[in-house]
Amino acid sequence: MPTINDELIELRTEGSVVVAEFVKGSFKDEKQILSSLEKLGSVIDARQNVQMVVDMSKIDYLSSAGLGRMVSLLKKAMSGGGCLHLASLNEPILELFEVMRLTQIFKIFPSIDDAVAGF
């Protein structure tokens with residue numbers, strides 16, 4: 001099972017799918033979010049054909065830098081032959097993805113179970 005040295009993210013596997021879950025309560029600290037997303041990038045880099053679900057349910061704020069980091073994660077996963085799904089976006093975050101037209105490039109699911117089943 002992949003590991004990550006981050007107090008905000010817990011990794012687990014469901015079959016062959018890596019599930020990255022933000023474990024602290026709702027937070028808005030952009031530096032923490034960006035740092036955690038960068039660490040997820042290293043998990044993606046370490047695995048070919050990675051199938052990853054990122055649970056976004058505890059993310060209340062995402063800046064343009066955060067959106068850019070999310071796009072980078074998707075590109076990393078795809079360039080290694082893998083895929084990245086997003087799950088459980090809060091309404092403001094989902095609206096942000098819609099306005100930025102990121103719903104056209106990301107596969108977004110209402111729950112972790114749905115995202116895992118989407119592979």
Side-chain angles (χ1 to χ4, degrees):
M1 181 167 93
T3 60
I4 188 170
N5 184 17
D6 191 291
E7 65 184 33
L8 300 180
I9 295 179
E10 186 175 280
L11 296 180
R12 61 186 165 85
T13 55
E14 290 192 20
S16 63
V17 178
V18 177
V19 177
E21 213 168 345
F22 286 89
V23 292
K24 278 195 170 179
S26 295
F27 60 93
K28 297 181 182 182
D29 185 338
E30 180 180 16
K31 288 180 185 177
Q32 285 182 310
I33 294 168
L34 293 176
S35 173
S36 296
L37 292 175
E38 188 171 314
K39 289 176 184 175
L40 280 181
S42 65
V43 172
I44 291 170
D45 286 339
R47 296 176 59 117
Q48 285 289 355
N49 303 313
V50 68
Q51 294 180 317
M52 181 180 281
V53 172
V54 179
D55 173 21
M56 302 285 288
S57 63
K58 293 191 172 102
I59 303 292
D60 292 328
Y61 173 79
L62 204 56
S63 67
S64 58
L67 290 173
R69 196 70 47 93
M70 294 298 300
V71 171
S72 292
L73 288 177
L74 178 63
K75 286 181 179 179
K76 278 183 185 228
M78 292 172 70
S79 70
C83 192
L84 177 78
H85 290 179
L86 302 180
S88 307
L89 278 71
N90 289 321
E91 193 61 35
I93 301 298
L94 181 57
E95 287 176 11
L96 179 62
F97 272 73
E98 289 170 347
V99 167
M100 300 302 293
R101 297 181 180 250
L102 294 175
T103 53
Q104 296 175 10
I105 62 168
F106 282 96
K107 293 183 179 179
I108 299 173
F109 297 85
S111 71
I112 293 172
D113 290 341
D114 291 332
V116 169
F119 284 108

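In this text the structure is predicted, and so the values were computed from the model without any measurement. For reference, positions follow the sequence shown, starting with 1.
In this structure, Leu89 CG and Ser57 OG are separated by 9.0 Å, a value rounded to the nearest 0.5 Å. Summarising the geometry, atom NZ belonging to Lys58 is positioned 12.0 Å from atom CD1 belonging to Ile9; distances are rounded to the nearest 0.5 Å. The line from CZ of Arg47 to CG of Asn49 is 10.0 Å long, rounded to the nearest 0.5 Å. Considering CE of Met52 and CG of Leu86, their distance stands at 11.0 Å, rounded to 0.5 Å. Summarising the geometry, atom CG belonging to Leu40 is positioned 10.0 Å from atom OG belonging to Ser35; distances are rounded to the nearest 0.5 Å. To the nearest 0.5 Å, the span separating SG on Cys83 from CG on Leu74 amounts to 7.0 Å.
By the side-chain hydrogen bond (donor to acceptor under 3.5 Å, both in side chains) test, Asp45 is found to be paired with Lys76, residues two or more places apart in sequence or in another chain being considered. Remark: Ala77 engages Ile44, Val50, Leu84 in a side chain to side chain contact (heavy atoms under 4.5 Å, CB included) (not counting sequence neighbours). Residues passing the side-chain hydrogen bond (donor to acceptor under 3.5 Å, both in side chains) test with Ser16, sequence neighbours excluded: Gln51. Taking the side chain to side chain contact (heavy atoms under 4.5 Å, CB included) definition, one finds that Met100 meets it with Leu67, Leu96, Leu102, sequence neighbours left out. Take Ser63 and apply the side-chain hydrogen bond (donor to acceptor under 3.5 Å, both in side chains) test, not counting sequence neighbours, and it matches Glu30. Residues satisfying the salt bridge (Lys or Arg N to Asp or Glu O under 4.0 Å) criterion with Lys39, sequence neighbours excluded, are Asp6. Take Glu10 and apply the salt bridge (Lys or Arg N to Asp or Glu O under 4.0 Å) test, not counting sequence neighbours, and it matches no residue.
No side-chain heavy atom of Leu62 sits less than 4.5 Å from a side-chain heavy atom of Arg69. Side-chain contact between Lys75 and Met70: absent, with no pair of heavy atoms (C-beta onward) separated by less than 4.5 Å. Taking 4.5 Å as the limit, every side-chain heavy atom of Leu34 sits out of range of all side-chain heavy atoms of Glu38.
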(Q) Assess the residue pair Thr13 and Val19 against the criterion (side-chain contact (heavy atoms from CB on, under 4.5 Å)); give the C-alpha distance rounded to whole Å, side-chain angles, the decisive distance to 0.1 Å, and a yes or no. (A) CA-CA 6 Å; Thr13 55; Val19 177; over 6 Å; no
Q: Please test Arg12 against Val18 for side-chain contact (heavy atoms from CB on, under 4.5 Å), starting from the C-alpha separation and ending with a verdict.
A: CA-CA 6 Å; Arg12 61 186 165 85; Val18 177; over 6 Å; no
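Legend: salt bridge (Lys or Arg N to Asp or Glu O under 4.0 Å) pairs involving residues 89-118, not counting sequence neighbours: none detected. Applying the ring pair (Phe, Tyr, Trp, His ring centres under 6.0 Å) rule to pairs touching residues 67-96 yields His85-Phe109, His85-Phe119, sequence neighbours excluded.
Both Leu8 and Val43 sit in one connected hydrophobic cluster of ILVMFWY residues. Membership requires side-chain heavy atoms under 4.5 Å apart, directly or through other members. Val53 and Met78 fall into different hydrophobic clusters, defined by Ile, Leu, Val, Met, Phe, Trp and Tyr side-chain heavy atoms under 4.5 Å apart, directly or through other members. Cluster annotation: Ile33 and Ile108 are assigned to the same hydrophobic cluster (Ile/Leu/Val/Met/Phe/Trp/Tyr, side-chain heavy-atom contacts under 4.5 Å, transitive).
Judged purely by atom type and a 3.5 angstrom limit, Ser36 uses its side chain to pair as donor or acceptor with the backbone of Gln32.
Listed here is the closest heavy atom pair of Ala87 and Ala115: CB-CB, 4.0 Å. Of all heavy-atom pairs spanning Leu37 and Leu73, the tightest one is O-CD2, 3.4 Å. The minimum heavy-atom distance linking Ile59 with Asn90 is given by the pair O-ND2, 3.0 Å. For the pair Val54 and Phe22, the tightest heavy-atom approach, listed with the atom from each and the gap, is CG1-CE1, 4.1 Å.
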